[in-house]
Number of protein chains: 2
Amino acid sequence: MKRKPSTEATSAWIRLMRVQSRVLDCVEQDLKKAGFPPLAWYDALLELSRAPSGELRPVELERQMLIPQYSTSRLIDRLVDEGLASRRECKIDKRGQFVEITEAGRELQKRMWGAYSAAIEKYVGSKLSDADAVKLSGLLDRLGCSCGEMKLPPVAQANANTNETSPSR
Amino acid sequence: MKRKPSTEATSAWIRLMRVQSRVLDCVEQDLKKAGFPPLAWYDALLELSRAPSGELRPVELERQMLIPQYSTSRLIDRLVDEGLASRRECKIDKRGQFVEITEAGRELQKRMWGAYSAAIEKYVGSKLSDADAVKLSGLLDRLGCSCGEMKLPPVAQANANTNETSPSR
DNA sequence: TCAAGATTGATGCACCTGCATCAAATGGGG
DNA sequence: CCCCATTTGATGCAGGTGCATCAATCTTGA
């Protein structure tokens, strides 16, 4: 049961690793050069701003962002430290809490989307036709599901047509 | 000059980020569970083992692996600490040095390739036909070059047909 | 009702990374 | 020949991540 991967598969693997890290680097660099915090902050702010009343349980955020629990916990710490979100206790479950995005948080999210969307266009959009982007998405999707177990909840749909919303990573 | 990315491009971006990180995680997990060190070690050992006499200047390694200088420096530290490589002074340029892979290093690289190739097959090869893998590679290549400036030196060609060699990330 | 187990969130530790900077050595132009 | 810019490699520091574990609370089932 140890079939070797084909050269084609191996080559795709290498490119997937290389290209992703290069493109991500470029985008993160652009954001940083524009004076913005890391993309993870954007993702969190976006999830929060999308939530019904601008607040989520950390556990929800964790599931949306597909990052580990402790990582969520500390990300929230940083957001709170910067005044971008605030913690609120949860009356019905005293273990838990709510994290609520602040006005500053909403505003930063919107400003970041300007730089972020420009970077996506620069490093992805301008390199591929829409048709090719769709092909690429399709091929990637075939890899994405079921690593070990899969559960992609109703996670972050892209939604860039209304010219105000924005994607998450 | 701030054209917004299409939904298609944005969606491809999101998937690129998500899928890569999931697949990479899976592969790294498999390696770790098999008791092996991180993939970066493998990449370094592979580059060294491929070099003419099993040794490279750190600068070369850095260029091959596309990682920053300090990262190379510390990776070499760890390899040396574990007896997988050794530093040799460079007579002709006293600033520099050579890093030479040891027998243990060569052996580890080969053993890792067993687990590594199995993981590639499991998470990539088995999910795509060879034809689709080629399509994916092609689409990714269109993104990969020229982030800022590009220089992909004669970097790591995939070469899994001879059943003993192996790829780098 | 109550003890055992599950869930929620925080945190100490080790390690890894990026950034800035350093020292040593080289090499080239005046 | 000498000074200065460049190349090569190391390292202190701040921050981020994974792992293990903890305390508090909730839930379940006997």
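Because only heavy atoms are used, hydrogens play no part in the values below, and waters and symmetry mates are left out as well, while side chains stay in. Residue numbers start from 1 in every chain, and the chains themselves are labelled A, B, ... in the order their sequence lines are given, proteins ahead of strands.
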Could you state the [atom1]-[atom2] distance from [X] to [N], rounded to the nearest angstrom?
| X | N | atom1 | atom2 | result |
| --- | --- | --- | --- | --- |
| A:R78 | D:dA14 | CZ | P | 16 Å |
| A:L39 | D:dG16 | CG | C1' | 15 Å |
| A:L24 | C:dT17 | CG | P | 15 Å |
| B:K33 | D:dG18 | NZ | P | 16 Å |
| B:K94 | D:dT6 | NZ | P | 24 Å |
| B:E89 | D:dT8 | CD | C1' | 15 Å |
| B:W41 | C:dC16 | CH2 | C1' | 12 Å |
| B:E28 | C:dC16 | CD | C1' | 12 Å |

Please tell me if the side chains of [X] and [Y] come closer than 4.5 Å, counting only heavy atoms from C-beta onward.
| X | Y | answer |
| --- | --- | --- |
| A:L79 | A:I101 | no |
| A:L24 | B:W13 | yes |
| B:Q97 | B:P58 | yes |
| B:M17 | A:L39 | no |

Problem set entry | 5'-most by nearest nucleotide on DNA chain D - A:P68 or A:I92 | A:P68
Problem set entry | Side-chain N or O of A:K32 closer than 4.0 Å to phosphate OP1/OP2 of C:dC19 | yes
For this session: Measure the acute angle between the ring planes of A:W113 and A:Y42, then classify it against the limits of 30° and 60° as parallel, tilted or perpendicular.
Result: parallel
For this session: Would you list the pairs meeting side-chain hydrogen bond (donor to acceptor under 3.5 Å, both in side chains) in which at least one residue belongs to residues 29-40 of chain A, sequence neighbours left out?
Result: A:D30-A:K122, A:D30-A:Y123
For this session: Summarise protein proximity over nucleotides 3-12 of chain C in one line of letters, 5' to 3': B for base, S for sugar-phosphate only, - for none, counting protein heavy atoms closer than 4.0 Å.
Result: ----BSBBBB
Seminar exercise, completed: Against the side chain of A:Q29, the closest entry in C:dA25, D:dC19, C:dC19 is C:dC19
For this session: Could you list the residues that satisfy side-chain hydrogen bond (donor to acceptor under 3.5 Å, both in side chains) with B:E107, not counting sequence neighbours?
Result: B:R111
